[in-house]
2 protein chains.
Amino acid sequence: MDDPRWLDETEMAAWRGFVAATNLVARHLERQLKEDAGLSHTQYEILVQLSAAPGGSLRMTDLADRLITSKSGLTYQVTQLEKAGLVARRSCPSDVRGVFAEITDQGWSVLRAAAPGHVAAVREALIDVLAPAQLAALAESLGTVSDRLRAADS
Amino acid sequence: MDDPRWLDETEMAAWRGFVAATNLVARHLERQLKEDAGLSHTQYEILVQLSAAPGGSLRMTDLADRLITSKSGLTYQVTQLEKAGLVARRSCPSDVRGVFAEITDQGWSVLRAAAPGHVAAVREALIDVLAPAQLAALAESLGTVSDRLRAADS
DNA sequence: GTCGCAAGGTTCAAATTTGAACTACCAGTC
DNA sequence: GACTGGTAGTTCAAATTTGAACCTTGCGAC
């Protein structure tokens, strides 16, 4: 801490770009989803994760890990989605403590309706802005970053 | 919307990586700053922006633009920082409506104390994980993304 | 001049997020 | 079989965030 290695120009540019892009993209998507589908990005991600899981359901903890939010935050959002009828809770046969969140038919409908607009927004904000080579490099770099941080957390 | 161009494998990897890296890095920094300096990342960023501005002060609106948060959110955080003595509000001579936020001496102290740990965390999460070429590519790509989104917003 | 309208900040209520208890329950040990 | 530590989810209060409504005040058109 006494003699930190400050960031050089490129490093600073990468960091500034990361922070700015992060916030701008998040805001862009949040607004699009809210306006067009009435969902927050978090809620949309919950539906996506469930829809991709076998049986359309996941344990709460698994879901929290994939979403990278706190357990209590997930409890809250799943409750909201349950009230809206997009998700249902089911108890886990093998572990009484366990709870499955399962996407409902209505959840599927909402997700299918929301997906095209969401994908378009993702393209507009990130994908279509970059050349294919840039995109591949981005995927690899950010994959590395994610893997490292996930490993560090455990 | 009727026939959306879905994401191919690379595009999906880039997007998933972006979302995951975004959340993981944010969480990593948030925790480090809170633990070591008692600041949220937003508050830290406010101090950084002010410290980099001429006279250590910025108009509220300018500051909000740089931070990419809502105006009301900024009002709240500046009030918090003001209570803590790290920032002061000053009225703008040329425009009665205007308000400057200015970093105080104590704000400088806190920022100087927090910076090394923050930089170390940034290195750990993002910078030192990537090769220089990757970093340069990342900086350029994310810079492009940010510029486009900023332009689109205005 | 003054009218109309946009800009700068704040305020307010509502929604969300977080971490720290807290309740149950599983699993391995003695 | 009871004890220990750890896991799964929820609940709770506190902090934060957001958008809309709201005052003032600047400014250009007429």
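In what follows, chains are A, B, ... by sequence order, proteins preceding strands, each numbered from 1. Just so it is clear, the structure is predicted and the values come from calculations on it, not from any experiment.
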Visitor: Send over the distance from B:Glu82 CD to C:dG9 P, rounded to a whole Å.
Guide: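 The answer, rounded to whole Å, is 14 Å.
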Visitor: Of all the nucleotides listed (C:dT10, D:dT16, D:dT17), which has the minimum atom distance to the side chain of B:Gln43?
Guide: D:dT16
Visitor: When we call it a touch if two heavy atoms are under 4.0 Å apart, what does B:Thr42 touch: a base, just sugar-phosphate, or nothing?
Guide: sugar-phosphate
Visitor: Respond yes when some side-chain nitrogen or oxygen of A:Arg31 is under 4.0 Å from OP1 or OP2 of D:dT18, and no when none is.
Guide: no
Visitor: Just how far, in rounded Å, is P of C:dT18 from CD of B:Glu35?
Guide: 15 Å
Visitor: Both A:Val99 and A:Arg27 contact DNA chain D. Which one's nearest nucleotide lies toward the 5' end?
Guide: A:Val99
Visitor: Looking across every strand, which nucleic acid part, if any, lies under 4.0 Å from B:Gly73 by heavy atom: base, sugar-phosphate, or nothing?
Guide: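 Base contact.
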Visitor: Would you indicate, yes or no, if D:dA15 has its OP1 or OP2 atom less than 4.0 angstrom from a side-chain nitrogen or oxygen of B:Gln80?
Guide: no
Visitor: Can you measure B:Arg97 atom CZ to D:dC27 atom C1' for me and round it to whole angstrom units?
Guide: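 For the pair B:Arg97 CZ and D:dC27 C1', the rounded distance is 9 Å.
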Visitor: What is the nucleic acid contact for B:Thr61, judged by heavy atoms within less than 4.0 Å: base, sugar-phosphate only, or nothing?
Guide: sugar-phosphate
Visitor: In whole angstrom, what separates A:Lys71's NZ from C:dA24's P?
Guide: 16 Å
Visitor: Using whole Å, what does the distance between atom P of nucleotide D:dT11 and atom OH of A:Tyr76 come to?
Guide: 13 Å
Visitor: From CG of A:Asp95 over to C1' of D:dG6, roughly how many Å is that when rounded to an integer?
Guide: 12 Å
